[in-house]
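Note that the structure is predicted; figures quoted are calculated from it, not measured. First the proteins, then the strands, lettered A, B, ... as listed; each starts at 1.
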Number of protein chains: 2
Amino acid sequence: LNRIKASGLKLRFCTNETQATREKFVKKLQGMGFDISVAEVTAPAPAACRILKERSLRPHLLVHNDLVPEFAEIDKANPNCVVIGDAAENFTYANLNEAFRVLIGMEKPVLISLGRGRYYKETDGLKLDVGAYMKALEYACDVQAEVVGKPAKAFFESALAEMGVPPQEAIMIGDDIVNDVGGAQRCGMRALQVRTGKYR
Amino acid sequence: LNRIKASGLKLRFCTNETQATREKFVKKLQGMGFDISVAEVTAPAPAACRILKERSLRPHLLVHNDLVPEFAEIDKANPNCVVIGDAAENFTYANLNEAFRVLIGMEKPVLISLGRGRYYKETDGLKLDVGAYMKALEYACDVQAEVVGKPAKAFFESALAEMGVPPQEAIMIGDDIVNDVGGAQRCGMRALQVRTGKYR
(Lines give C-alpha, C1' and ligand atoms only; values in the text may rest on other atoms or scores of the structure.)
Protein backbone atom coordinates (compact mmCIF):
# COMPACT_ATOMS: atom_id res chain seq x y z
CA LEU A 1 0.00 0.00 0.00
CA ASN A 2 2.77 2.43 0.90
CA ARG A 3 4.63 1.60 -2.33
CA ILE A 4 1.50 2.24 -4.42
CA LYS A 5 1.05 5.59 -2.73
CA ALA A 6 4.75 6.50 -3.11
CA SER A 7 4.62 5.69 -6.84
CA GLY A 8 1.98 8.40 -7.39
CA LEU A 9 -0.66 6.00 -8.73
CA LYS A 10 -4.26 6.96 -8.00
CA LEU A 11 -5.91 4.73 -5.41
CA ARG A 12 -9.40 3.91 -4.15
CA PHE A 13 -10.54 1.46 -1.50
CA CYS A 14 -13.74 -0.30 -2.60
CA THR A 15 -15.84 -1.82 0.18
CA ASN A 16 -19.36 -3.23 0.49
CA GLU A 17 -19.62 -2.06 4.11
CA THR A 18 -23.06 -0.56 4.80
CA GLN A 19 -23.41 -0.84 8.57
CA ALA A 20 -21.32 2.24 9.26
CA THR A 21 -20.16 5.49 7.70
CA ARG A 22 -16.84 5.68 5.88
CA GLU A 23 -15.50 7.68 8.82
CA LYS A 24 -15.98 4.77 11.18
CA PHE A 25 -14.61 2.26 8.69
CA VAL A 26 -11.51 4.38 8.03
CA LYS A 27 -10.81 4.86 11.73
CA LYS A 28 -10.81 1.10 12.16
CA LEU A 29 -8.24 0.65 9.37
CA GLN A 30 -6.14 3.56 10.60
CA GLY A 31 -6.08 1.87 13.99
CA MET A 32 -4.59 -1.16 12.23
CA GLY A 33 -1.83 1.08 10.85
CA PHE A 34 -3.10 1.67 7.30
CA ASP A 35 -2.52 5.01 5.57
CA ILE A 36 -6.08 5.65 4.46
CA SER A 37 -8.47 8.62 4.38
CA VAL A 38 -12.24 8.90 3.94
CA ALA A 39 -11.83 10.56 0.54
CA GLU A 40 -10.15 7.39 -0.75
CA VAL A 41 -13.06 5.07 0.09
CA THR A 42 -15.76 4.00 -2.37
CA ALA A 43 -18.68 2.46 -0.49
CA PRO A 44 -22.26 1.63 -1.52
CA ALA A 45 -23.88 4.54 0.34
CA PRO A 46 -21.93 7.37 -1.33
CA ALA A 47 -22.26 5.56 -4.66
CA ALA A 48 -26.02 5.49 -4.11
CA CYS A 49 -25.96 9.20 -3.25
CA ARG A 50 -24.31 9.89 -6.59
CA ILE A 51 -27.12 7.98 -8.37
CA LEU A 52 -29.80 9.74 -6.30
CA LYS A 53 -28.43 13.15 -7.22
CA GLU A 54 -27.96 12.31 -10.91
CA ARG A 55 -31.54 11.10 -11.26
CA SER A 56 -33.20 13.56 -8.85
CA LEU A 57 -34.31 10.70 -6.63
CA ARG A 58 -35.48 11.40 -3.09
CA PRO A 59 -35.03 8.23 -1.03
CA HIS A 60 -37.06 6.64 1.69
CA LEU A 61 -34.24 5.04 3.69
CA LEU A 62 -34.35 1.55 5.18
CA VAL A 63 -30.76 1.37 6.41
CA HIS A 64 -28.65 0.96 9.54
CA ASN A 65 -28.80 3.93 11.92
CA ASP A 66 -25.02 4.32 11.67
CA LEU A 67 -25.27 4.74 7.89
CA VAL A 68 -27.83 7.55 7.89
CA PRO A 69 -25.21 10.36 8.12
CA GLU A 70 -23.95 9.33 4.64
CA PHE A 71 -27.28 10.59 3.26
CA ALA A 72 -27.17 13.91 5.16
CA GLU A 73 -27.04 16.06 2.02
CA ILE A 74 -29.76 14.16 0.17
CA ASP A 75 -33.30 15.52 -0.07
CA LYS A 76 -35.56 12.93 1.51
CA ALA A 77 -38.88 14.81 1.44
CA ASN A 78 -41.74 13.29 -0.55
CA PRO A 79 -39.74 10.16 -1.51
CA ASN A 80 -39.77 8.78 -5.06
CA CYS A 81 -37.55 5.75 -4.42
CA VAL A 82 -36.56 3.34 -1.64
CA VAL A 83 -32.94 2.71 -0.63
CA ILE A 84 -32.37 -0.48 1.34
CA GLY A 85 -29.14 -1.45 3.10
CA ASP A 86 -28.30 -3.95 5.80
CA ALA A 87 -30.59 -2.26 8.30
CA ALA A 88 -30.08 -4.97 10.95
CA GLU A 89 -32.30 -4.13 13.97
CA ASN A 90 -34.13 -1.62 11.77
CA PHE A 91 -35.60 -4.54 9.78
CA THR A 92 -38.76 -4.47 11.86
CA TYR A 93 -42.21 -5.54 10.66
CA ALA A 94 -43.34 -1.90 10.77
CA ASN A 95 -40.31 -0.58 8.86
CA LEU A 96 -40.58 -3.27 6.18
CA ASN A 97 -44.27 -2.53 5.66
CA GLU A 98 -43.53 1.18 5.51
CA ALA A 99 -40.83 0.77 2.86
CA PHE A 100 -43.16 -1.54 0.94
CA ARG A 101 -46.01 0.99 1.05
CA VAL A 102 -43.76 3.80 -0.22
CA LEU A 103 -42.59 1.55 -3.05
CA ILE A 104 -45.96 0.15 -4.11
CA GLY A 105 -47.42 3.64 -4.03
CA MET A 106 -45.13 4.78 -6.86
CA GLU A 107 -46.27 4.74 -10.45
CA LYS A 108 -42.97 3.07 -11.37
CA PRO A 109 -41.33 1.73 -8.18
CA VAL A 110 -37.56 2.37 -7.88
CA LEU A 111 -35.70 0.18 -5.41
CA ILE A 112 -31.98 0.72 -4.83
CA SER A 113 -30.20 -1.96 -2.78
CA LEU A 114 -26.83 -1.44 -1.12
CA GLY A 115 -25.56 -4.93 -1.92
CA ARG A 116 -27.21 -8.28 -2.54
CA GLY A 117 -25.59 -10.44 0.18
CA ARG A 118 -27.59 -13.47 1.34
CA TYR A 119 -26.32 -13.67 4.91
CA TYR A 120 -23.32 -13.00 7.11
CA LYS A 121 -21.91 -14.21 10.38
CA GLU A 122 -21.77 -12.26 13.60
CA THR A 123 -20.52 -13.33 17.00
CA ASP A 124 -24.06 -14.35 18.00
CA GLY A 125 -24.73 -16.30 14.81
CA LEU A 126 -25.83 -16.00 11.19
CA LYS A 127 -27.97 -13.05 10.12
CA LEU A 128 -30.04 -12.42 6.99
CA ASP A 129 -28.27 -9.84 4.82
CA VAL A 130 -29.79 -7.05 2.75
CA GLY A 131 -30.27 -9.31 -0.28
CA ALA A 132 -32.98 -11.32 1.47
CA TYR A 133 -35.02 -8.22 2.31
CA MET A 134 -34.38 -6.87 -1.18
CA LYS A 135 -35.95 -10.06 -2.59
CA ALA A 136 -38.98 -9.66 -0.32
CA LEU A 137 -39.64 -6.14 -1.60
CA GLU A 138 -38.89 -7.15 -5.20
CA TYR A 139 -41.49 -9.92 -5.02
CA ALA A 140 -44.13 -7.85 -3.25
CA CYS A 141 -43.83 -4.94 -5.70
CA ASP A 142 -42.95 -6.96 -8.80
CA VAL A 143 -39.82 -4.85 -9.40
CA GLN A 144 -36.13 -5.53 -9.89
CA ALA A 145 -33.81 -3.72 -7.50
CA GLU A 146 -30.83 -1.76 -8.76
CA VAL A 147 -27.89 -3.12 -6.77
CA VAL A 148 -25.16 -0.72 -5.72
CA GLY A 149 -21.90 -2.20 -4.42
CA LYS A 150 -19.52 -4.87 -5.64
CA PRO A 151 -19.86 -6.68 -8.08
CA ALA A 152 -22.22 -4.17 -9.77
CA LYS A 153 -20.70 -2.47 -12.78
CA ALA A 154 -21.98 0.95 -11.71
CA PHE A 155 -20.10 0.64 -8.44
CA PHE A 156 -16.72 0.22 -10.12
CA GLU A 157 -17.60 2.94 -12.61
CA SER A 158 -18.32 5.21 -9.66
CA ALA A 159 -14.85 4.54 -8.21
CA LEU A 160 -13.26 5.17 -11.61
CA ALA A 161 -15.19 8.42 -12.04
CA GLU A 162 -14.03 9.59 -8.62
CA MET A 163 -10.42 9.05 -9.71
CA GLY A 164 -10.97 10.32 -13.24
CA VAL A 165 -9.45 7.14 -14.68
CA PRO A 166 -10.76 5.05 -17.61
CA PRO A 167 -11.30 1.31 -16.85
CA GLN A 168 -8.52 0.10 -19.14
CA GLU A 169 -5.98 2.10 -17.11
CA ALA A 170 -7.10 0.68 -13.77
CA ILE A 171 -6.51 -2.56 -11.90
CA MET A 172 -8.66 -4.00 -9.13
CA ILE A 173 -6.98 -5.94 -6.34
CA GLY A 174 -9.12 -8.07 -4.06
CA ASP A 175 -9.59 -11.41 -2.34
CA ASP A 176 -13.07 -12.22 -3.72
CA ILE A 177 -13.18 -13.84 -7.15
CA VAL A 178 -16.82 -12.80 -7.79
CA ASN A 179 -17.27 -9.44 -6.05
CA ASP A 180 -13.78 -8.04 -6.65
CA VAL A 181 -12.26 -9.73 -9.70
CA GLY A 182 -15.38 -10.62 -11.67
CA GLY A 183 -17.09 -7.29 -11.09
CA ALA A 184 -14.03 -5.27 -12.13
CA GLN A 185 -13.41 -7.36 -15.24
CA ARG A 186 -17.02 -6.96 -16.39
CA CYS A 187 -16.54 -3.22 -16.39
CA GLY A 188 -13.38 -3.38 -18.51
CA MET A 189 -10.77 -3.25 -15.77
CA ARG A 190 -7.99 -5.72 -15.18
CA ALA A 191 -8.09 -7.51 -11.86
CA LEU A 192 -5.77 -9.35 -9.50
CA GLN A 193 -6.83 -11.82 -6.85
CA VAL A 194 -4.72 -11.86 -3.69
CA ARG A 195 -4.54 -15.00 -1.61
CA THR A 196 -5.02 -13.20 1.68
CA GLY A 197 -8.14 -12.05 3.54
CA LYS A 198 -11.03 -14.44 3.03
CA TYR A 199 -9.27 -16.31 0.18
CA ARG A 200 -9.33 -20.07 0.81
CA LEU B 1 -75.27 -23.90 0.04
CA ASN B 2 -78.36 -25.34 1.71
CA ARG B 3 -79.43 -26.99 -1.54
CA ILE B 4 -76.00 -28.58 -2.00
CA LYS B 5 -76.17 -29.94 1.52
CA ALA B 6 -79.76 -31.16 1.09
CA SER B 7 -78.81 -33.00 -2.12
CA GLY B 8 -76.35 -35.20 -0.19
CA LEU B 9 -73.30 -34.08 -2.20
CA LYS B 10 -70.02 -34.03 -0.30
CA LEU B 11 -68.76 -30.53 0.45
CA ARG B 12 -65.55 -28.80 1.54
CA PHE B 13 -64.79 -25.14 2.09
CA CYS B 14 -61.30 -24.29 0.80
CA THR B 15 -59.70 -21.15 2.26
CA ASN B 16 -56.23 -19.62 2.29
CA GLU B 17 -56.81 -18.08 5.72
CA THR B 18 -53.71 -18.47 7.94
CA GLN B 19 -54.14 -15.75 10.54
CA ALA B 20 -56.56 -17.76 12.64
CA THR B 21 -57.62 -21.31 13.41
CA ARG B 22 -60.49 -22.93 11.53
CA GLU B 23 -62.57 -22.61 14.72
CA LYS B 24 -62.37 -18.83 14.58
CA PHE B 25 -62.99 -18.73 10.84
CA VAL B 26 -66.04 -20.99 11.13
CA LYS B 27 -67.52 -18.97 13.98
CA LYS B 28 -67.33 -15.87 11.81
CA LEU B 29 -69.22 -17.59 8.97
CA GLN B 30 -71.76 -19.13 11.34
CA GLY B 31 -72.37 -15.63 12.66
CA MET B 32 -73.23 -14.65 9.08
CA GLY B 33 -75.80 -17.44 8.98
CA PHE B 34 -73.88 -20.12 7.05
CA ASP B 35 -74.35 -23.79 7.88
CA ILE B 36 -70.68 -24.72 8.25
CA SER B 37 -68.58 -26.79 10.65
CA VAL B 38 -64.83 -27.00 11.31
CA ALA B 39 -64.67 -30.50 9.85
CA GLU B 40 -65.77 -29.13 6.47
CA VAL B 41 -62.94 -26.60 6.14
CA THR B 42 -59.71 -27.20 4.22
CA ALA B 43 -57.13 -24.57 5.18
CA PRO B 44 -53.36 -24.33 4.65
CA ALA B 45 -52.40 -25.14 8.24
CA PRO B 46 -54.16 -28.52 8.50
CA ALA B 47 -53.01 -29.34 4.97
CA ALA B 48 -49.46 -28.60 6.11
CA CYS B 49 -49.98 -30.82 9.17
CA ARG B 50 -50.94 -33.68 6.86
CA ILE B 51 -47.69 -33.20 4.90
CA LEU B 52 -45.64 -32.92 8.10
CA LYS B 53 -47.06 -36.21 9.42
CA GLU B 54 -46.67 -38.04 6.11
CA ARG B 55 -43.01 -37.08 5.80
CA SER B 56 -42.10 -37.18 9.50
CA LEU B 57 -41.25 -33.49 9.45
CA ARG B 58 -40.90 -31.59 12.71
CA PRO B 59 -41.52 -27.91 12.02
CA HIS B 60 -39.99 -24.75 13.35
CA LEU B 61 -43.03 -22.46 13.16
CA LEU B 62 -42.95 -18.86 11.96
CA VAL B 63 -46.69 -18.20 11.97
CA HIS B 64 -49.37 -16.01 13.51
CA ASN B 65 -49.96 -16.65 17.24
CA ASP B 66 -53.61 -17.41 16.53
CA LEU B 67 -52.63 -20.19 14.12
CA VAL B 68 -50.34 -22.08 16.52
CA PRO B 69 -53.17 -24.26 17.97
CA GLU B 70 -53.60 -25.88 14.53
CA PHE B 71 -50.16 -27.46 15.06
CA ALA B 72 -50.91 -28.70 18.59
CA GLU B 73 -50.55 -32.37 17.73
CA ILE B 74 -47.37 -31.96 15.71
CA ASP B 75 -43.98 -32.86 17.18
CA LYS B 76 -41.90 -29.69 17.06
CA ALA B 77 -38.82 -30.87 18.94
CA ASN B 78 -35.49 -30.82 17.11
CA PRO B 79 -36.99 -29.28 13.92
CA ASN B 80 -36.11 -30.58 10.46
CA CYS B 81 -38.16 -28.08 8.47
CA VAL B 82 -39.52 -24.52 8.67
CA VAL B 83 -43.20 -23.68 8.23
CA ILE B 84 -43.92 -20.04 7.42
CA GLY B 85 -47.34 -18.41 7.40
CA ASP B 86 -48.53 -14.83 7.50
CA ALA B 87 -46.95 -14.26 10.91
CA ALA B 88 -47.80 -10.51 10.93
CA GLU B 89 -46.33 -8.99 14.13
CA ASN B 90 -44.29 -12.17 14.58
CA PHE B 91 -42.21 -11.20 11.53
CA THR B 92 -39.55 -9.61 13.74
CA TYR B 93 -35.86 -9.33 12.88
CA ALA B 94 -35.07 -11.88 15.59
CA ASN B 95 -37.73 -14.38 14.45
CA LEU B 96 -36.71 -14.12 10.80
CA ASN B 97 -33.06 -14.70 11.68
CA GLU B 98 -34.04 -17.65 13.87
CA ALA B 99 -36.09 -19.29 11.12
CA PHE B 100 -33.24 -18.65 8.70
CA ARG B 101 -30.68 -20.25 11.04
CA VAL B 102 -32.83 -23.35 11.51
CA LEU B 103 -33.21 -23.63 7.73
CA ILE B 104 -29.58 -23.01 6.74
CA GLY B 105 -28.46 -25.45 9.43
CA MET B 106 -30.18 -28.37 7.64
CA GLU B 107 -28.33 -30.63 5.26
CA LYS B 108 -31.23 -30.23 2.81
CA PRO B 109 -33.38 -27.27 3.89
CA VAL B 110 -37.16 -27.83 3.74
CA LEU B 111 -39.32 -24.71 3.68
CA ILE B 112 -43.12 -25.03 3.68
CA SER B 113 -45.05 -21.83 3.02
CA LEU B 114 -48.74 -21.38 3.86
CA GLY B 115 -49.52 -19.42 0.71
CA ARG B 116 -47.53 -17.18 -1.60
CA GLY B 117 -49.47 -13.91 -1.38
CA ARG B 118 -47.55 -10.72 -2.13
CA TYR B 119 -49.50 -8.31 0.05
CA TYR B 120 -52.93 -7.58 1.45
CA LYS B 121 -54.89 -4.64 2.73
CA GLU B 122 -55.85 -3.97 6.33
CA THR B 123 -57.67 -1.05 7.82
CA ASP B 124 -54.34 0.65 8.60
CA GLY B 125 -52.88 0.07 5.14
CA LEU B 126 -51.09 -2.46 2.94
CA LYS B 127 -49.02 -5.20 4.57
CA LEU B 128 -46.41 -7.56 3.16
CA ASP B 129 -47.89 -11.06 2.92
CA VAL B 130 -46.20 -14.40 3.58
CA GLY B 131 -44.92 -14.67 -0.01
CA ALA B 132 -42.47 -11.80 0.50
CA TYR B 133 -40.92 -13.41 3.57
CA MET B 134 -40.92 -16.76 1.80
CA LYS B 135 -38.86 -15.18 -0.98
CA ALA B 136 -36.41 -13.73 1.56
CA LEU B 137 -35.78 -17.17 3.08
CA GLU B 138 -35.67 -18.85 -0.34
CA TYR B 139 -32.96 -16.46 -1.49
CA ALA B 140 -30.91 -16.61 1.70
CA CYS B 141 -30.93 -20.43 1.79
CA ASP B 142 -30.99 -21.05 -1.96
CA VAL B 143 -34.07 -23.27 -1.65
CA GLN B 144 -37.51 -23.39 -3.22
CA ALA B 145 -40.43 -23.34 -0.78
CA GLU B 146 -43.23 -25.87 -1.03
CA VAL B 147 -46.39 -23.78 -1.11
CA VAL B 148 -49.49 -25.11 0.66
CA GLY B 149 -52.82 -23.42 -0.05
CA LYS B 150 -54.66 -22.41 -3.22
CA PRO B 151 -53.69 -22.65 -6.08
CA ALA B 152 -51.25 -25.45 -5.14
CA LYS B 153 -52.24 -28.83 -6.54
CA ALA B 154 -51.49 -30.59 -3.25
CA PHE B 155 -53.98 -28.35 -1.48
CA PHE B 156 -56.90 -29.41 -3.67
CA GLU B 157 -55.74 -33.02 -3.49
CA SER B 158 -55.82 -32.72 0.28
CA ALA B 159 -59.45 -31.52 0.16
CA LEU B 160 -60.36 -34.35 -2.22
CA ALA B 161 -58.65 -36.94 0.01
CA GLU B 162 -60.58 -35.65 3.01
CA MET B 163 -63.83 -36.24 1.12
CA GLY B 164 -62.66 -39.46 -0.49
CA VAL B 165 -63.60 -38.15 -3.93
CA PRO B 166 -61.55 -38.42 -7.18
CA PRO B 167 -60.88 -35.07 -8.96
CA GLN B 168 -63.02 -35.88 -11.99
CA GLU B 169 -66.07 -36.27 -9.72
CA ALA B 170 -65.55 -32.90 -8.02
CA ILE B 171 -66.26 -29.30 -8.92
CA MET B 172 -64.61 -26.23 -7.41
CA ILE B 173 -66.68 -23.06 -7.03
CA GLY B 174 -64.89 -19.80 -6.33
CA ASP B 175 -64.52 -16.12 -7.19
CA ASP B 176 -60.78 -16.16 -7.99
CA ILE B 177 -59.82 -17.21 -11.51
CA VAL B 178 -56.23 -18.13 -10.53
CA ASN B 179 -56.43 -19.44 -6.97
CA ASP B 180 -59.80 -21.16 -7.21
CA VAL B 181 -60.54 -22.03 -10.84
CA GLY B 182 -57.00 -22.41 -12.21
CA GLY B 183 -55.73 -24.39 -9.24
CA ALA B 184 -58.66 -26.81 -9.30
CA GLN B 185 -58.45 -27.36 -13.06
CA ARG B 186 -54.74 -28.14 -12.89
CA CYS B 187 -55.50 -30.98 -10.52
CA GLY B 188 -58.12 -32.49 -12.81
CA MET B 189 -61.26 -30.99 -11.29
CA ARG B 190 -63.89 -28.97 -13.06
CA ALA B 191 -64.34 -25.42 -11.81
CA LEU B 192 -66.91 -22.68 -11.80
CA GLN B 193 -66.25 -19.00 -11.28
CA VAL B 194 -68.95 -17.06 -9.46
CA ARG B 195 -69.30 -13.36 -10.05
CA THR B 196 -69.66 -12.52 -6.38
CA GLY B 197 -67.10 -11.89 -3.64
CA LYS B 198 -63.99 -10.20 -4.97
CA TYR B 199 -64.95 -10.80 -8.63
CA ARG B 200 -64.76 -7.56 -10.65
Largest heavy-atom contact set with chain A, pairs under 4.5 Å, which of Lys135(B), Glu98(B), Glu138(B), Glu89(B): Lys135(B)
Does Asn97(B) reach the side chain of Leu126(A), with side-chain heavy atoms less than 4.5 Å apart? no
Is it possible for you to say whether Ile173(A) and Phe25(A) belong to one hydrophobic cluster, with membership spreading through side-chain heavy-atom contacts below 4.5 Å? no
Between Tyr93(B) (side chain) and Tyr93(A) (backbone), is there a donor-acceptor pair under 3.5 Å? no
Whatever's closer than 4.5 Å to a heavy atom in chain A on Asp142(B) counts as both
Measure distances from Phe91(B) to the heavy atoms of chain A and classify the residue's part below 4.5 Å as side chain, backbone, both or neither. both
Is the NZ atom of Lys28(A) crowded by more than 12 outside heavy atoms at less than 6.0 Å? no
Is there a path of hydrophobic side-chain contacts, each under 4.5 Å between heavy atoms, that joins Ile4(B) and Val41(B)? yes
Common cluster, Val130(B)/Leu96(A), ILVMFWY with side-chain heavy-atom separation under 4.5 Å: yes
Checking Tyr119(B) side chain against Cys141(A) main chain: does a donor-acceptor pair fall under 3.5 Å? no
Please classify the contact between Ala94(B) and chain A as side chain, backbone, both or neither, with a heavy-atom cut-off of under 4.5 Å. neither
In terms of hydrophobic clustering (I, L, V, M, F, W, Y; side-chain heavy atoms under 4.5 Å; direct or indirect links), are Phe71(B) and Val82(B) co-clustered? no
How about Lys76(B): does its NZ atom have over 12 heavy atoms from other parts shown lying under 6.0 Å from it? yes
Can Leu111(B) be reached from Leu128(B) by stepping across I, L, V, M, F, W or Y side chains whose heavy atoms are under 4.5 Å apart? yes
Look at the side chain of Arg101(B) and the backbone N and O of Lys127(A), then say whether any donor-acceptor pair between them is shorter than 3.5 Å. no
Heavy-atom cut-off 4.5 Å, strictly under: side chain, backbone, both or neither for Ala87(A) against chain B? neither
For chain A, which of Gly117(B), Gly105(B), Gly131(B) has the most heavy-atom pairs under 4.5 Å? Gly131(B)
Heavy-atom count around Phe34(B) CZ within 6.0 Å, excluding the residue itself: above 12? no
Nearest non-hydrogen partners of Tyr139(B) and Arg116(A), listed with the distance: OH-O, 2.5 Å
